[in-house]
Amino acid sequence: MAIQRTFSIIKPDATKRNLTGQIAAKFEEAGLRIVASKRIQLTLAQAQAFYGVHAERPFFDELCEFMISEPIVVQVLEGEDAIAKNREVMGATNPADAAPGTIRKEFALSIGENSVHGSDAPETAAEEIAFFFSGLELVG
């Protein structure tokens with residue numbers, strides 16, 4: 001297994017409830033290193049650009065409105081097989097289906113307000129990291 005980088009968002013439902021530190025701790029406990037992190041407030045245009053792949057889906061407008069409702073924390077995580085490890089730590093999208101101890105099982109409010117986002121593939125991770133971070137912001 002190789003060292004990878006992946007992208008993570010701590011979503012508005014979690015930042016609103018001051019869960020940022022607890023969620024970050026879960027990533028670190030799983031062996032992922034946070035190599036970049038910043039708290040930002042997305043604009044509607046930024047949310048629409050980031051989630052553009054879902055533009056034709058019925059939940060697109062609601063998703064974008066949710067993502068601009070509160071600040072978010074965007075992060076780059078690094079570690080052995082980081083993409084799969086991050087997705088394991090996050091848990092299933094539906095918190096009812098998420099394994100005990102996962103972020104979504106412990107913190108998600110619903111399928112939509114599920115506290116975190118994580119890249120699903122190396123190509124997606126690279127695109128999502130580049131959307132939010134410049135090379136100077138990524139610490140090795």
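Everything quoted here is computed from the prediction, not taken from an experiment.
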First locate atom [atom1] of [X], then atom [atom2] of [Y], and finally report the distance between them rounded to the nearest 0.5 Å.
X	Y	atom1	atom2	answer
Ile9	Leu42	CD1	CG	7.0 Å
Gln22	Arg17	CD	CZ	9.5 Å
Arg87	Ile103	CZ	CD1	12.0 Å
Ser8	Glu128	OG	CD	10.0 Å

Between [Y] and [X], is there a side-chain heavy-atom distance shorter than 4.5 Å?
X	Y	value
Ser115	Lys11	no
Lys105	Asp97	no
Phe107	Asp13	no
Leu77	Arg5	no
Ser37	Ile34	yes
Thr102	Glu106	no
Glu65	Leu44	yes
Thr124	Phe7	no

- Task: Compute the ring centroids of Phe60 and Tyr51, then answer whether they are less than 6.0 Å apart.
- Result: no
Are any side-chain N or O atoms of [X] and backbone N or O atoms of [Y], one a donor and one an acceptor, separated by less than 3.5 Å?
X	Y	result
Asn114	Ile111	yes
Lys38	Phe133	no
Lys26	Gly101	yes
Glu78	Val35	no
Arg104	Ala98	no

- Query: Are Phe131 and Val116 connected, step by step, through hydrophobic side chains (Ile, Leu, Val, Met, Phe, Trp, Tyr) whose heavy atoms are closer than 4.5 Å?
  - Reply: no
- Tell me whether Ile83 is reachable from Ile129 by hopping between hydrophobic residues (I, L, V, M, F, W, Y) whose side-chain heavy atoms are closer than 4.5 Å. no
Can you list, pair by pair, the side-chain donor-acceptor contacts under 3.5 Å of residues 68-76, counting residues two or more places apart and other chains?
residue: Ser69; atom: OG; partner: Phe66; partner atom: O; Å: 2.6

- Message: Atom CZ of residue position Arg57 - does it have more than 12 heavy atoms of other residues, nucleotides or ligands inside 6.0 Å?
- Response: no
- Check the surroundings of atom CD in Glu137: do more than 12 heavy atoms from other residues, nucleotides or ligands lie under 6.0 Å from it? yes
- Query: Between Thr43 and Gln46, does a side chain to side chain donor-acceptor pair (under 3.5 Å) hold up when you go through it step by step?
  - Reply: CA-CA 5 Å; Thr43 66; Gln46 289 168 328; 3.3 Å; yes
- Query: Would you call the rings of Phe50 and His117 parallel, tilted or perpendicular, where under 30° means parallel and over 60° means perpendicular?
  - Reply: perpendicular
